[in-house]
Structure formats: structure tokens, C-alpha cells
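Computed from heavy atoms alone, side chains included, the values below leave out hydrogens, waters and symmetry copies. Numbering starts at 1 and runs along the sequence shown.
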Amino acid sequence: MKVLKFGGTSVGSVSSIQTLLSILKDEVKNEEKPVVVLSAMGGVTNLLSAMAEDAANGKEFTAGLAELEKRHFDTVKALLDVQNQNPALTRLKIHFNQLEELLQGVLTLRELTPKTRDQVLAFGERCSTLMVSKVAAQHFGDVLFVDAADVIKTDSAFGNAKVNTELTERLVQGLYTENKGKTLIVTGFIASNDAGQTTTLGRGGSDYTAAIFGAALNAQEVQIWTDVNGMMTADPRMVKKAFSLTELTYTEAMELSYFGAKVIYPPTMIPAFLKKIPIVIKNTFEPEFEGTVIRHDCKASTLPIKGISSINNISILNLEGSGMVGKSGFSGRLFSLLAREQINVILITQSSSEHSITFAVQPQDTDRAKQVIEQEFELELAAKKLEHLVIEKNLAILAIVGENMKQTPGMSGKLFHALGRNGVNVRAIAQGSSEYNISVIISANDLSKALNAVHDAFFVQLTKTLHAFCLGTGNIGKTLFNQLNAHSEYLKDNNGIQVKIAGISNTRKMTFNSDGISLDTWQNDLQSSPYEADLQSFINRMKEMNLPNCVFIDNTASPVPIGFYEEIFKANISVITCNKIGNSGSYKQYRTFKDTARAHGVDFFYETNVGAGLPIINTLKNLMNSGDRVQRIEAILSGTISFIFNNFKGDANFHDVVKEAQDKGYTEPDPRDDLSGKDFMRKMLILARDAGYAMEEADVEIESVLPKASLEAKTVEDFYATLKTEDAHFAKLKDAAEKDGKVLRYIGKLEDGKVTITLQMVDENHPFYMLSGSDNIISFTTDRYRERPLVVKGPGAGAEVTAAGVFADLINVGAN
Ligand SMILES: NC(=O)c1ccc[n+]([C@@H]2O[C@H](COP(=O)([O-])OP(=O)(O)OC[C@H]3O[C@@H](n4cnc5c(N)ncnc54)[C@H](O)[C@@H]3O)[C@@H](O)[C@H]2O)c1
Ligand SMILES: N[C@@H](CCO)C(=O)O
Ligand code: NA
């Protein structure tokens, strides 16, 4: 047989009672009839409690009573055929009259004893059960209303009575045997003492009633019908990706529901647990959900952990001092004291040096705990054997839970990696030797970020979400958004990565959305955003949003963002940049970026600083990391100049070719940066630094392609105007090369710790002769690639290839 328990929302309305009936329909056909345990209609227990309080305080309660009556009467009228209504309404009316009398007594005496309170509260279950039993009888015939006070016997601790298990089991078994063939519909939560006075079973009382019946009758299972899809991997209000568990063990359920997961209250499971009876959590409002089974043994589960639980507001107290070292009985005194004061200790940690002891309590207990401890240890404090108690508030506990942790090394590593990478500081740690639970104490501000990051880290079957904040919506920024938009499905399916753009700014506006800005409408969103662009506030907002797996992407050509990189790393946020200004500034700055990112466990990726999407920076990094040494680098790294020399042929004039390069998106926003050699210089400097040379800009020798007038032009327009007048200069260069069957090439070289960039005319024997379009080429001569250099070649400029490089960097951040 089965026991089915329905909670307050499941009996809370006409439609939910109809659903309940359709759930029961098949169950009542079984040979062994089910036992159905019911809570009060949703909200009724609170209302009863408030009415009782009001009466005790001399306030009227009639409005509450009328509301109660109406709710039950309306439900009866909606669910029972007319001829069946009267008997039910009469019975209910008798209850309400008794309730009124009782409350009247409370009002007269201005006193509410725990005993009376239990009597008042019991009306909730009695009325709902009476009502549903009448409705069930109309549908299924053989139904018996059972007042659990007749069979569940307790002591007289009103409000939280202790069950006399042996007697109760006998009575329950007797009742079931006597009424074989009938479906029992039982009041949850209530019981009675030896004298027959009504008692209640405390928090989660109706679940407890179900477990007691299940255990007494050796049920095949106990079903708890509630309004959510079972136990989930984390609090779904904080972790959107939380999902329902199909099964977990009693121990796991205890650990998970201890923190947060309010689906069931663990102590209520004990009767079922002792008899190894499975408990199935089902959803009345989604009956097709198969449910979460809590059982003694789980089939080999593939999940490394079952869930992450949390308490979002706790305080910790830290007691420190030489007086504790090697002293037995100290913690005994401390914790007996707290127990005596009924201060619940949530978590305890002590280092093996015994010099300090840290424990967590509810915030409302904090001050009293401090006070009683200072009294108790007055002498030790005076003698300086103990330091003054340090209290920290606004903290939270996050705990990963699962029996599988026992056999799996690396679980705590994974937890701390996820926390560390997201800049979540861990204040205290506790793990029992049972290894079911690893708990950490963190700042309450970080809880949401931490829960999501840890959830992503452990449940790898789900996609990991990156939150990107993007600066710059020009050529590259725009193209990146298009690529991300087109590629998001593939990314989810193949890399398990989801990218949400949580913030965008250009020089005019900025906009934010922690759920991800739509990549279809971002332009409108940005334009209509109320926020004027302001980089410091953009960064502040990014930090305040405190999102997990956060990345900052600089797609500007501006020096301004550079000044913020360090601050961003310090907030444990990775940086991806195609902006070369940062890495080609002072060597000190370049070093600071690298060191700060590393110290904070985040990434600093800039593949597109050299050769756009071509794998140049990563290739060099791999060479260096594997212990190779760069002897020489020779390269063409200006896509713009490459394009110009490859297309400045025959009748073409120089000015038009430059314009074409700009139109094709190869040039810097200001093309003078390309033609002056500055952009190339930056790339060579970055390569040299990545190759291990602590070089500065002054160490690079540049031969400019431009005549003086062009170099000194004030604006881009002026610059183009000078190019027109300098046509003869460029034509001369071109003709000189063509005459000898050569081509013009702008070549950078790093050798013997020196960097030069020169304009050369090369013939067909030169390896750089054969280039087309905006091609870059780079050859690394290293200790290992000594005889024949390692060469990378391909288009080294353009929005598509550059955005693709930024995209690849983003995926690499996601992989870490
Ligand atoms: N074009 C290429 O082939 C290529 C290749 C590699 C790297 N890059 C680099 O890409 C970067 C962007 O180039 P682009 O062609 O897209 O430039 P762009 O001029 O088209 O776009 C720059 C964007 O940055 C924004 N911006 C500038 N300063 C800002 C600030 N302080 N705060 C917020 N937003 C700001 C502008 O509003 C604009 O949206 C440059 O650093 C360039 O060197 C370009
Ligand atoms: N303006 C750059 C873009 C690539 O960094 C070039 O022409 O090479
Ligand atoms: Na590159």
C-alpha cells in the first residue's frame, strides 16, 4: 500500500482538489487501499494562528472567522453535488462554532496557552480533511475520515509533541486492518496525549504524519505531493539552471534540506528512514513529473554531487587565544553554554593548532552568544588567555552535498577553483569525515555568484554561462556580436558554453542586463538606454552585478580602458582585448597586467593584438611555455600596408588604395597609425615582450613609409589630402621596385635583442615575396626550429578574422 500526503497548496483551491482527485482515482482502485494525509488549506494555519494571537491581545477575530468559513463553504459548494452539500456544511459549521467558542475563551481570558493554541490550529487540518473526505466519498465510495488524534499518541509537549511510537503503530495498524477496503483520509499535523487532548507535531507535521503511517503500515512508498518539482540541485530562485533530482539518499536529502531546500523537513522522514521506505516528492501541479525519490540506496549515480545548498544570512564568531591550546573541556564548556542558551550552532571549525575556534550562528543569536560567552569566560578574558570575541555578520554558507564525493578525489579542488576564479573569498571551511558535505562560509554578497559558478563547475552536463561586458561597438565589436549570435547554438551543443552579453558600452551610451542583452536588438537597446557612457560607472556596475564567470572585452582603440585593466583583474574578472595600446605601453604596465591577472587567477588574452585571428600570440606562448627560446622573428604584421603594397600596381594611385584598405576594415580607426608604422611597432613590441625581452618603445627602430607632410597631418582628412599630393613619391617607390622585378615589403625583425621595422624591396627568392591581400606572415627561428623556421601566414586584418580571434579567446576563458 501507499501513503499519499498532500500539502496546503494541493488542497488550497477547487482546482487543486480536483487535481488531487484525479491523482487518487487510480490509487483507490488498488486492492490495498491508500492512506491519504492532508494539510490545512494553504494559508489557513497562519490565519488561525493570527486569530488566536489577536484574541489573546483583546482584538476581534470575527473577520478571520468569516473568511475561514467562506473559503471552506465555497469550496464545498463548488465540489459537492447539491444533495451532498448539506451534511458537509453542517459538520463544518459545527467546527466553526467550536472554534468561535474557543477563541471567545481566549479573548475573555486574554491568554493563549500552548494547549489552546494546538486546539485552535487543529481546526485547519480537521476542516480540510473533512471536506476532502466528503468530496472523495462522492467520487470513490469507500472512504473513511480519520482524525489522527485518535491514533497518533504523544506526550503533552504542545506545539511540538513527541510521538509514542509503539502505541501509535499499534493503533494505526489496528485502524487499517479494521477498515480494509476503505481509503483512509487522515488529518496531518495533529495528534493527542494520554488525556485525549489535541497536540500538534511541530514543523513539517503533516509530512511526519505521513511517515508515521508509512512506517506503521510498512508502506511500499510515501508520496509527498507538493507544489514544486521535487528536490532540486540548488535553490531555483538563485540558480536558474537548477534542475530536479530523480533520486537521492536519505542522508543527502537531510543535508540538502537542512539548508534552504524547503521541500521537506528532514526530521519528519525519520520513521520512513528507519524502515527504509522510499519517499517520493511529487508535484500536484505537474503530475506528469516523475518525482524525486528519497531512498536508502541509490543506483550508481553519475552526478558527482547531488546539490548545492545555502543559508543566505549567518554570522560567525571567532574565539582565539593561547588559553585553548591543549586544554580539554574548553570546547565542551563553550558549546554546552550555547546549547543551554538554546543558541543553534550551524557550523564549527577549529584548526589543529587549537589556537582558534570559529562557529556560525543565526544573526538574531549573535549578540546573545557574544554576551553569554563573555560572561562565561570572564576570567580567561581578563587573564588574556582569550582574546576578545570577533564577530562577522552578513555571511552565507554554501555547501556541496553528495555521497559520491566519498569516492571521488578532486571535489574540494573543483569547489575552491570555482570560488577562487570568481574572486569569492572563503572565510571558513568545514567538512565532516563522512564526506557528504563540504561547507564554506563566504560573504553574503557573493552567494548568488558563488552558487551559480559552483553549479556550473559541477554539473558539466549543463552549459557553462559566461557573462561578458563589452566595450566598443565599432567594426570589431559589431562583428563579434554577429558571430556570437549566429554561433550560439553550436557553442552550447559542442562546447557546453553559453555567452551572455551582460553589458555594452561605446563612447555614447551603455546598457546592462544580467540575463543577457539580446544580440538581435542590442543596437536599439543601447540607443534607448538611459545611461550615458561613463567608463568608471560601467566598471563599477560590472563589479556590483557580481556575476559568475565574468569577462571584460575591450574592442576599442582607445587608451582610456587600459587604465582600468588592473582594477578589473583585481575584481577577479578576466580581460580579453584586441586593443594593442595596453600591452605596448610601458613594459612595467605590460608586466603589471600579466602579474595581476595571474595573482587573481583570471585570464588575460590578447591573441588579436598581433596578426588578428592568426594564431601568433598563442603559438609563441606555447613555444615559451615548453622551454623553447626565440632566436629571431621576421614578420610582416601590418595587414593594411600588406594590402596597399599588394594592390598598388599599374595605374593605381596610392591615395585610393589606402582608402580601399580603410573601407575593407583593415586599417586602424586612424589609418595614420598603420602607415606611420606605429601599429606595426606595437605588435613587434608585444611579440618581443612575450618572447622574454623587457623592451620599450624607444628600443624599436622604425623606418616610416610616409613622407614628412603626411606624418604631420593634423586630421585624418588632412592626411588623405597629403597623400594625394604625395602621389609622385609613392609612384617612384613602386616603379623602382617593379623595374627590378621586386615588390615592396614592410618587414619587422627581432634579433639579438633589437627590433627594426624597415621598408624593403624583395625579389622572388625572398620568402615574403609571395603574399596577397592583407596577408601577414611571421617566421619564428628558435632553438628547436633552428634549421627551418616555424611560419604562420594568412589574412592578418579585417573585422571577421579579428572578431573570430576575440571569440576564440572567449572560448578559452570559458574552458578554464
Ligand atoms: N581592424 C582589424 O583588422 C583589427 C585587427 C586586430 C585588432 N584590431 C583592434 O580592434 C580595435 C577596434 O577596432 P575597430 O576597427 O573596431 O574600431 P572602431 O573605431 O570601429 O570602434 C571602436 C569602438 O570603441 C568605442 N570606444 C572608443 N573609446 C571608448 C571608451 N573610452 N569607452 C567606450 N567605448 C569606446 C567607440 O565608440 C567604437 O564603438 C582596435 O584597438 C584595433 O587595433 C583591429
Ligand atoms: N590595422 C591593423 C589591423 C590588425 O591588427 C593592420 O592593418 O594590421
Ligand atoms: Na593573432
Side-chain angles (χ1 to χ4, degrees), residues 1-11 16-40 79 125-126 128-152 168-169 171-191 201 204-227 230 264 268-269 271-273 275-295:
M1 57 85 57
K2 291 182 197 164
V3 176
L4 288 77
K5 178 256 165 174
F6 292 87
T9 48
S10 304
V11 293
S16 62
I17 296 175
Q18 277 160 341
T19 314
L20 177 157
L21 292 172
S22 68
I23 293 165
L24 281 186
K25 192 174 76 214
D26 292 330
E27 295 296 337
V28 297
K29 287 189 195 133
N30 291 335
E31 166 117 11
E32 298 216 305
K33 300 295 176 213
V35 168
V36 182
V37 176
L38 303 180
S39 297
L79 288 168
E125 272 70 14
R126 288 191 167 126
S128 69
T129 307
L130 174 72
M131 190 171 75
V132 175
S133 70
K134 295 284 183 205
V135 180
Q138 175 177 294
H139 283 77
F140 313 129
D142 281 337
V143 161
L144 181 73
F145 166 87
V146 176
D147 188 329
D150 295 338
V151 284
I152 299 184
T168 299
E169 291 208 338
L171 291 171
V172 169
Q173 286 156 0
L175 175 78
Y176 191 73
T177 328
E178 272 167 37
N179 294 288
K180 257 205 156 18
K182 285 189 189 152
T183 296
L184 307 188
I185 310 232
V186 185
T187 57
F189 185 54
I190 59 185
L201 299 176
S206 296
D207 292 344
Y208 193 30
T209 308
I212 291 169
F213 269 79
L217 300 173
N218 245 321
Q220 158 199 342
E221 66 183 39
V222 173
Q223 297 180 354
I224 305 287
W225 288 84
T226 171
D227 55 359
I264 45 170
T268 62
M269 286 188 285
F273 167 70
K275 295 223 169 145
K276 301 189 178 166
I277 297 169
I279 294 175
V280 191
I281 318 275
K282 305 268 283 176
N283 187 351
T284 307
F285 303 90
E286 211 177 308
E288 58 289 354
F289 165 67
E290 60 179 323
T292 300
V293 187
I294 303 170
R295 61 168 98 245

K.L.:
Considering all heavy atoms of both residues, which atom of V280 and which atom of G291 are nearest to each other, and what is their separation?
P.N.:
CG1-CA, 4.5 Å

K.L.:
Does any part of the side chain of K282, heavy atoms only, come nearer than 4.5 Å to the side chain of P287, both counted from C-beta?
P.N.:
no

K.L.:
Does any non-hydrogen side-chain atom of V37 lie less than 4.5 Å from one of V3?
P.N.:
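Result yes, sub-4.5 Å side-chain heavy-atom pair found.
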
K.L.:
Is there a side-chain contact between E125 and L38, using heavy atoms and a 4.5 Å cut-off?
P.N.:
no

K.L.:
Crowded around K275 NZ? As in, over 12 foreign heavy atoms under 6.0 Å?
P.N.:
yes

K.L.:
For residues M1 and N30, determine if any side-chain heavy atom of one lies less than 4.5 Å from a side-chain heavy atom of the other.
P.N.:
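They are not in side-chain contact.
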
K.L.:
Evaluate the criterion side-chain contact (heavy atoms from CB on, under 4.5 Å) for residue pair L21 and T19; output intermediate values, then yes/no.
P.N.:
CA-CA 5 Å; L21 292 172; T19 314; over 6 Å; no

K.L.:
Got a second to check how far T129's OG1 is from F189's CZ, nearest 0.5 Å?
P.N.:
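Interatomic distance, T129 OG1 to F189 CZ, rounded to 0.5 Å: 12.0 Å.
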
K.L.:
Compare all side-chain heavy atoms of F285 with those of T9 and state whether any distance is below 4.5 angstrom.
P.N.:
yes

K.L.:
Considering residues, nucleotides and ligands other than Q220, do more than 12 of their heavy atoms fall under 6.0 Å from its CD?
P.N.:
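Atom CD in Q220 is packed in, count exceeds 12.
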
K.L.:
Can N179 and L175 be said to form a side-chain contact (heavy atoms from CB on, under 4.5 Å), step by step?
P.N.:
CA-CA 6 Å; N179 294 288; L175 175 78; 3.6 Å; yes

K.L.:
Nearest 0.5 angstrom please: T268 OG1 to F273 CZ, how far?
P.N.:
13.0 Å

K.L.:
Return each pair, listed once, that meets salt bridge (charged side-chain N to carboxylate O under 4.0 Å, His left out) where at least one residue sits in residues 206-221; pairs must be two or more places apart or across chains.
P.N.:
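Qualifying pairs: K5-D207.
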
K.L.:
Rounded at 0.5 Å granularity, tell me how far CD1 in I17 sits from CZ in F6.
P.N.:
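Between atom CD1 of I17 and atom CZ of F6 there are 11.0 Å.
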
K.L.:
Which pair of non-hydrogen atoms, one from A215 and one from A272, has the smallest distance, and what is that distance?
P.N.:
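So the two residues come closest at CB-N, 4.5 Å.
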
K.L.:
Nearest 0.5 Å, what's the NZ-CD distance between K180 and E31?
P.N.:
8.5 Å

K.L.:
Within the distance-only criterion (no hydrogens, no angle test), does the side chain of T187 pair as donor or acceptor with the backbone N or O of A148 below 3.5 angstrom?
P.N.:
yes

K.L.:
Is any side-chain heavy atom of T168 closer than 4.5 Å to one of I212?
P.N.:
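Sidechains of T168 and I212: in contact.
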
K.L.:
Roughly how far, to the nearest 0.5 Å, is the OG atom of S22 from the NE2 atom of H139?
P.N.:
9.5 Å

K.L.:
Evaluate the side-chain proximity of L4 to L24: yes if any heavy-atom separation is below 4.5 Å, no if none is.
P.N.:
yes

K.L.:
Please identify which of these residues, T209, D147, L201, I152, meets the side-chain contact (heavy atoms from CB on, under 4.5 Å) condition with I190.
P.N.:
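Single pass found, and it is D147.
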
K.L.:
Would you say L144 and T183 make side-chain contact, with heavy atoms under 4.5 Å?
P.N.:
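The answer is no; the side chains never approach within 4.5 Å.
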
K.L.:
Looking at every non-hydrogen atom in both residues, tell me the closest pair between A216 and V172 and how far apart they are.
P.N.:
CB-CG1, 3.8 Å

K.L.:
Could you go through the side-chain contact (heavy atoms from CB on, under 4.5 Å) check for K182 and V143 one step at a time?
P.N.:
CA-CA 5 Å; K182 285 189 189 152; V143 161; over 6 Å; no

K.L.:
For V293 versus P278, what's the shortest heavy-atom pair and its separation?
P.N.:
CG1-CB, 4.1 Å

K.L.:
Just verifying a value: how many Å separate K276 NZ and N218 CG, rounded to the nearest 0.5 Å?
P.N.:
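Rounded to the nearest 0.5 Å, the NZ-CG separation comes to 12.5 Å.
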
K.L.:
Could you check whether any side-chain N or O of Y176 sits under 3.5 Å from a backbone N or O of L184, counting only pairs where one atom can act as donor and the other as acceptor?
P.N.:
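No; zero donor-acceptor contacts below 3.5 Å.
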
K.L.:
Output, in order, the C-alpha distance, side-chain angles, deciding distance and verdict of side-chain contact (heavy atoms from CB on, under 4.5 Å) for F140 and K25.
P.N.:
CA-CA 8 Å; F140 313 129; K25 192 174 76 214; 4.2 Å; yes

K.L.:
Looking only at heavy atoms, which two atoms of P271 and A211 are closest? And how far apart?
P.N.:
CB-O, 3.7 Å

K.L.:
Using every non-hydrogen atom in the two residues, find where S10 and W225 come nearest and quote the distance to one decimal.
P.N.:
OG-O, 3.5 Å

